[in-house]
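Lettering of chains follows the sequences in order, A, B, ..., and the numbering in each one begins at 1. Given the structure is predicted, the values throughout are model-derived calculations rather than measurements. Values below: every heavy atom of this structure, side chains too, minus hydrogens, waters and symmetry copies.
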There are 2 protein chains.
Amino acid sequence: MARIGQGKATGIKETTATGGRRSVTIIDIAEVAGVSKSTVSLVLKASPLVKSETRERVQRVMEEMGYVYNRGAASLRKSSSSVIGMVINDLANPFFAELAIGIEQALQHSGYIPYLAHTAESVARQAEVVRSMREHGAAGIILCPALGTDAADLADLSVPGLPIVLAIRRIAGARLSSVTSDSVGGARRATQHLIGLGHRRIAFIGGAEAMVVRQGRFTGYQEALQAAGLPLDPSLTMESMPTKDGGFQSMLTLLDRSDALNPLTAAVCFNDVVAIGAMLAVTRRGLQVGRDISLVGFDDTAEAQHVSPPLTSIAVDPAGLGKAAAGMLLRHIADTAPKFENYVGEARLVIRDSCRPPLRKDAIA
Amino acid sequence: MARIGQGKATGIKETTATGGRRSVTIIDIAEVAGVSKSTVSLVLKASPLVKSETRERVQRVMEEMGYVYNRGAASLRKSSSSVIGMVINDLANPFFAELAIGIEQALQHSGYIPYLAHTAESVARQAEVVRSMREHGAAGIILCPALGTDAADLADLSVPGLPIVLAIRRIAGARLSSVTSDSVGGARRATQHLIGLGHRRIAFIGGAEAMVVRQGRFTGYQEALQAAGLPLDPSLTMESMPTKDGGFQSMLTLLDRSDALNPLTAAVCFNDVVAIGAMLAVTRRGLQVGRDISLVGFDDTAEAQHVSPPLTSIAVDPAGLGKAAAGMLLRHIADTAPKFENYVGEARLVIRDSCRPPLRKDAIA
DNA sequence: CTGAAAGCGCTTACAG
DNA sequence: CTGAAAGCGCTTACAG
């Protein structure tokens, strides 16, 4: 079968859904039940206009004939739709999986049915997937933008009448509603926790400067240092990919240039994955996490609990954010929401075992 | 807006997708471009019948007017569809998330677009979701059945002309194609590994007897024992929920009734989660995993690598199974597949640090 | 309560 | 190459 794709339609193949056999329609039902198809339609929408005896007869016939409602036809006629698209950047990450589940639960009794698509952090795939959802007539979209998405990409995806809410990642310059978590507050609390334990030389590791989320977290880190009267030492901040290896390399670098007289004793990490990489680096240099170097992660993933020592982290309740995003989108669809809203979920400190007071210097000497 | 729901249609709400504004159609494009709508349609499917000059003009107009292809209308007219449904039981489990990603990747250039729905192990939700996909005209469905799904449930979901392939979990008595992994072989290899290290009293922990997957794994365990001439001791097999707590309780029970003269030294666990629960029980009783009790898990989840000691497990490549399921479904849709196929993916032993030779008895005394 | 008719946006023969 | 017409399965006024 020929590919479409040259025109405005995305290149998508089609097949007879019914395997050739014509499917049963309301006309067939009407004939067998001895009513008009209007009546069948009325039964379908549970209209009180239909006598209950008639309704039951019609329902019985539908059951017997294996009738399947054709939602596409109905949507076409009504110029309406009942699907909401969820576009997720990284399903393999349990954090985003939880988010998706939260969205789905919140939509459960809304009358909308959520469809999920996965972009695997590809901006191109994201454009494809959003276009396809539009072509399928989605009523709205919740989008976790793929890494590298910019405001222009988002503008291309937007179309009047199709509300989009951004989840987790806000995009600089994008004019869209969003649901994110309190990066600034979370990072501030993480840093304060370390300061409270007595740390003075605290690094900030991981993430790229262009990421809005990292900007927030870095800001929180700065704020806490400032509030405690500690200097911001640029040699203590490292950018990296938000990956285990990124954390590993960054920490190795920091450790190797750490001053013995005034050593690095702690780090706030961009997320748990980076923190776990940093843990490996600490171990690699013969040091001990918790004792020699205290570490805080972000996201409170399941892994944070299972590494050794268990990682102190900032928890952000992805399922709760998912619910918030779903609620916000519903309000946009119903047109009862302000044009642009930003919901910021709380980020709380979960203390485990990766942070202890720094070793006293004379104890080392 | 009134709920539907009494009739055969699922209770789903509808809204104007276009926010009131009528959307631009091929008729509008035709008018502006000065051609007939047939020509626009031909452009859409990249037909060679259209002169390239005309095609370009039409495409320019579509661009300018922000035309969005209405796939629902096209599907209706063609009695066809381009969506494939993926129904997943537990997205929060990275194993199933990987599976979903594998399916999606395999479908990427097939011309079909995958939509994912999540059942959270609810048979009722599963029925809803499958029905909705049918109503939306899905061309086929890949289904990871929710726990407790039986052949009758599946028969209700099936409809002629809508191919379904089962993934991961096969259902006893269901007449459907499936993609599963080699439970028998995997468990056999796990058990052989323990036997090879010198273990003689090896337990089998976790899962419920009704689960087809557990039947396979238990069979593999039996086969290995038999091949080595070891007796099958019923007191060494424990059923439980396939959860951490299930594994914990089972192992506690086994440990507490273990005979000091002929002690339990190893266990094959239904999956990694159960194994991790069992590890906790071993530790709780003051014993050491690896040294006193050797443990093998199943699934090779990320957690298996991160627990301490790292867990030996049976890896089953969920993404590969996803690809296989997608390929099989595509063949069913194209009607080039046998009526019922069963693909069984390999299950290989990944050796880590949770299994060692048993302590010699005289070493204990 | 029920029926006849129009129309949602598209594709598909069929003429020209 | 292009145009006029029918029809996919439904809903929605409008009559009766």
Would you list the atom pairs, donor with acceptor, under 3.5 Å between side chains in residues 140-151 of chain B and any protein atom, with sequence neighbours excluded?
| residue | atom | partner | partner atom | Å |
| --- | --- | --- | --- | --- |
| B:T149 | OG1 | B:Q126 | NE2 | 3.1 |
| B:T149 | OG1 | B:A146 | N | 3.3 |
| B:T149 | OG1 | B:A146 | O | 2.5 |
| B:D150 | OD1 | B:A152 | N | 3.1 |
| B:D150 | OD1 | B:D153 | N | 2.9 |

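Applying the side-chain hydrogen bond (donor to acceptor under 3.5 Å, both in side chains) test to pairs two or more places apart or on separate chains, those with a residue in residues 159-173 of chain B are B:E121-B:R169. The salt bridge (Lys or Arg N to Asp or Glu O under 4.0 Å) contacts involving residues 332-342 of chain B comprise B:R331-B:E341, where partners must be two or more places apart or lie in separate chains.
Defined by atom type and a distance below 3.5 Å, a donor-acceptor pair is missing between the side-chain atoms of A:T119 and A:N89.
Across A:V87, A:L91, A:I84, a single residue satisfies side-chain contact (heavy atoms from CB on, under 4.5 Å) together with A:L116, and that is A:L91.
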Output one line per pair: protein atom, nucleotide atom from nucleotides 14-16 of chain D, and distance, for all N/O pairs under 3.5 Å.
none

Which pairs, protein N/O on one side and nucleotides 3-7 of chain D N/O on the other, fall under 3.5 Å?
| residue | atom | partner | partner atom | Å |
| --- | --- | --- | --- | --- |
| D:dG3 | OP2 | B:S36 | N | 2.4 |
| D:dG3 | OP2 | B:S36 | OG | 3.3 |
| D:dA4 | N6 | B:S38 | OG | 2.5 |
| D:dG7 | N2 | B:R77 | NE | 3.3 |
| D:dG7 | N2 | B:R77 | NH1 | 3.4 |

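Residue B:K45 has no polar side-chain atom (N or O) positioned under 4.0 Å from OP1 or OP2 of C:dC10. For the pair A:S41 and D:dT11, the criterion of a side-chain N or O lying under 4.0 Å from OP1 or OP2 is met. In this model, the phosphate group of C:dT2 is approached by a side-chain N or O of A:T54 to a distance below 4.0 Å at OP1 or OP2.
Residue A:I26 contributes atom CD1, which lies 6 Å from atom P of D:dT11 at whole-angstrom precision.
The aromatic rings of A:Y115 and B:Y115 sit tilted relative to each other, their planes meeting at an angle between 30° and 60°.
A donor-acceptor contact shorter than 3.5 Å is absent between the side chain of A:R55 and the backbone of A:A46.
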Nucleotide pairing, DNA chain D (Watson-Crick or G-U, distances under 3.5 Å), in dot-bracket with [ ] and |: |||.||||||||.|||
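The shortest side-chain heavy-atom distance between A:L166 and A:S177 does not fall under the 4.5 Å cut-off.
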